[in-house]
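See structure below.
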2 protein chains.
Amino acid sequence: MVTLAEVAQHAGVSASTVSYVLSGKRSISAGTRERVEQSIQLLGYHPNAGARALASNRSNIIALMIPLRTDMYVPVMMEIAIAVTTSARAHGYDVLLLTGEEGPDAVRRVTGSGLADAMILMDVELDDGRLPLLRDTTQPSVLIGLPADTSGLTCVDLDFGATGALCAEHLAMLGHRDIAVIGEAPAVYERHTGFAERTLDGLRSRSRELGLRVLHRPCEGGFDAMSLTLARVFDERPGTTGFVVQNESAVEPLLALLRRQGRAVPEDVSVIAICPDQVAVQASVRLTSVAIPAQEMGRGAVEHLIAKLEGRGTDDVVLIAPELTVRASTGPAPAAP
Amino acid sequence: MVTLAEVAQHAGVSASTVSYVLSGKRSISAGTRERVEQSIQLLGYHPNAGARALASNRSNIIALMIPLRTDMYVPVMMEIAIAVTTSARAHGYDVLLLTGEEGPDAVRRVTGSGLADAMILMDVELDDGRLPLLRDTTQPSVLIGLPADTSGLTCVDLDFGATGALCAEHLAMLGHRDIAVIGEAPAVYERHTGFAERTLDGLRSRSRELGLRVLHRPCEGGFDAMSLTLARVFDERPGTTGFVVQNESAVEPLLALLRRQGRAVPEDVSVIAICPDQVAVQASVRLTSVAIPAQEMGRGAVEHLIAKLEGRGTDDVVLIAPELTVRASTGPAPAAP
DNA sequence: ATAGGTTGTCGAAGCGCTTCGACTCCGTCC
DNA sequence: GGACGGAGTCGAAGCGCTTCGACAACCTAT
């Protein structure tokens, strides 16, 4: 392994000079800088991460806690993780991957050991056990998601309330009166993961204003669960003509079942999905959808974190405005029979 | 931040003693050990990662390179990443997430800086630019995937050749004679990611032995692409009664299209998918499938890596035997018309 | 011409840990 | 009873880097 000292010797300068060339924290004459840079190239020098972390008290690592469960939004999670990693690299940071498995202990371990300079938490619950620890530590952090109490925290998330409202507006505008929300798996609600409730709240309150009747049913993904759920929906509200689907893995089953029942989309029934654009365009009907901006969320989280690391940061809640894209799965409500 | 020295002082011993309590590398009397452990608890001590890495020359971090692209198998990738992280933690290692973005440079950076003790590479191409670097370094590594030349490398992967053969056998046994393979997106083949070709080779050679006729068509996921592909298949081979689908995002479109054409699954047409079990059971028909054992692959990779880190490891290629689960999407070939 | 500021470089201290050799006890064995 | 060896502990060196203060050299403004 090549060390700083070896580079310094090769370039005929002191170790500290090489260090300053690398960090740019003091001015260095052009000639010296060039010589040092050449030596670095020539010897193939890479600063030792451990030594650097020890001396500077910064590891240049961001910890990313992803959920262990795979009961929801897997592609979204993946996309966020990749966006976080890519943006972090662009700022000179690496990403340490943590699963929820260790729970709050992971936070303690990482902050205590100086393994990472900062954290990004995904899959935040309304009353998350990790939050008190985050508030206690001086280590910057950003949540992707929205807990009940956001005081002293920085959060980035899609504005799910507005998302719900947007869905209601679109369906109301098309003349629908009875709509059904196919929600996430019951486990997601039990876990109090906020976003599902927020969507529903937004949708319900806007629906009230617009005179829509809303029926909400949680639903595990998959064909069988969807089949049961759908039967119950039409049983209870035969006049339902609009669907809002929040659970990605319920989308395709729903479309298949509607088809099988002879209900045409969008002539008889309109469907809006809350999902990544890719899913919306790949479905068997091109879906009108509100996109989940995974990239933007990941990038936003990193940028806020970097700002905080550089002391420019502020605690705030950034809600990304939802965008509804009209495609082929929504249309005017059918004339009443 | 609490340091070793503070713990030592609190427990009334020297710093080295505390270190030995922590590492167990020298014997410590029960009494001393207990006192030290109590002090650690009481003070909430966590060893500083940087200092430890510097002094011991090991970071206890494994780097995991995941593909940047999301054109294939996203859930599988995610599941592998989670399995890797979980198993690594069980062995006392953390996981650093790298995207393919940096390419070979990432390998250089990580090995050069001592950021990680070892690497796991996913999405390995047949002639991957990172492989020469891996062969050159002393740092242990494991590939998930199979390059063209495996000499000096350790690889873990599903035996895709056997997977293809298994699909052929199952369909042949059921009396099918004309089968179609719906492959990955063309981009996957252009990238030479091995597994797609291996599946096809295995399937073709077994088919030859069994007298099956095979038509292979790459296919982007999604409804529109699948629609085109399917039309061409039946155009060219009207007697096709068996499908093997390798592209996850083509499964549901295929089923929908067959239904629309009035071809019943499994009465008229049999479908085998190569996909995670979860996808197979959640589809609109419970799919006969060969599972992609993501968990097992992730865990296997970590275990091999740990073995190498401890000096017990050997370079070898571990191919996981495929398992075919019969569900509701395959049945006897229909009698010839 | 001289005081004062800038610029570029160096030496040394130290970050918190691991590890090696050395030392002290104490029990064992001839 | 003295040599021997193992168990338990300590002190010190050093891992490779950053950073602070010091200093020489030079430039400018009075």
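So that the names make sense, note that chain A is the first sequence line, chain B the second, and so on, each numbered from 1. Values in this document were obtained by computation on a predicted structure and should not be read as measured data.
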* To do: Report yes if a side-chain nitrogen or oxygen of Tyr20(B) is closer than 4.0 Å to either non-bridging phosphate oxygen (OP1 or OP2) of dA7(D); otherwise report no.
  => no
* To do: Test for a donor-acceptor pair under 3.5 Å between the base of dT18(C) and the side chain of Arg52(B), counting only N and O atoms.
  => no
* Asked: How is Leu54(A) classified with respect to the nucleic acid when contacts are heavy atoms under 4.0 Å: base, sugar-phosphate, or nothing?
  -> base
* Would you mind classifying the nucleic acid contact of Ser23(B) as base, sugar-phosphate or nothing, using non-hydrogen atoms under 4.0 angstrom? => nothing
* Quick one: which of dA7(D), dT9(D), dG16(C) gets closest to the side chain of Ser27(B)? -> dA7(D)
* Using 4.0 Å as the upper bound for N to carboxylate O, is an ion pair formed by Glu102(A) and Arg109(A)? -> yes
* Describe the nucleic acid contact of Ile28(B) in one word from base, sugar-phosphate, nothing, applying a heavy-atom distance below 4.0 Å. => sugar-phosphate
* Got a second to check how far Ile61(B)'s CD1 is from Leu115(A)'s CG, nearest 0.5 Å? -> 5.0 Å
* Starting at CG of Leu153(A), measure out to CG of Leu134(A) and round the result to the nearest 0.5 Å. => 6.5 Å
* Asked: Considering only heavy atoms and no angle criterion, is a donor-acceptor pair shorter than 3.5 Å present between the side chain of Arg35(A) and the base of dG8(C)?
  -> no
* Can you tell me how far CZ of Phe195(B) sits from CD of Glu125(B), rounded to the nearest 0.5 angstrom? -> 11.5 Å
* Asked: Reckon Ser19(A) touches a base, only the sugar-phosphate, or nothing at all at heavy-atom distances under 4.0 Å?
  -> base
* Between Ala30(B) and Ser56(B), who's closer to the 5' end of DNA chain D by nearest nucleotide? -> Ala30(B)
* Asked: With a non-hydrogen cut-off below 4.0 angstrom, is Ser29(A) in contact with a base, only sugar-phosphate, or nothing?
  -> sugar-phosphate
* Asked: For the side chain of Arg26(A) and the base of dT19(D), is some donor closer than 3.5 Å to an acceptor across the two?
  -> no
* Asked: Distance check: side-chain N/O of Lys25(A) vs OP1/OP2 of dT18(D), anything under 4.0 Å?
  -> no
* How many angstroms lie between atom CG of Asp117(A) and atom CG of Asn57(A), to the nearest 0.5 angstrom? -> 8.5 Å
* To do: Compare side-chain N and O positions of Thr3(A) against OP1 and OP2 of dG16(D) and report whether any pair is under 4.0 Å apart.
  => no
* Asked: Within less than 4.0 Å of OP1 or OP2 of dC10(C), is there a side-chain N or O belonging to Ser14(A)?
  -> yes
* Asked: Expressed in angstrom and rounded to an integer, what is the separation of Asn57(A) atom CG from dG14(C) atom C1'?
  -> 12 Å
* Quick one: label Ser16(A) by what it contacts on the DNA or RNA (base, sugar-phosphate, nothing), any heavy atom closer than 4.0 Å. => base
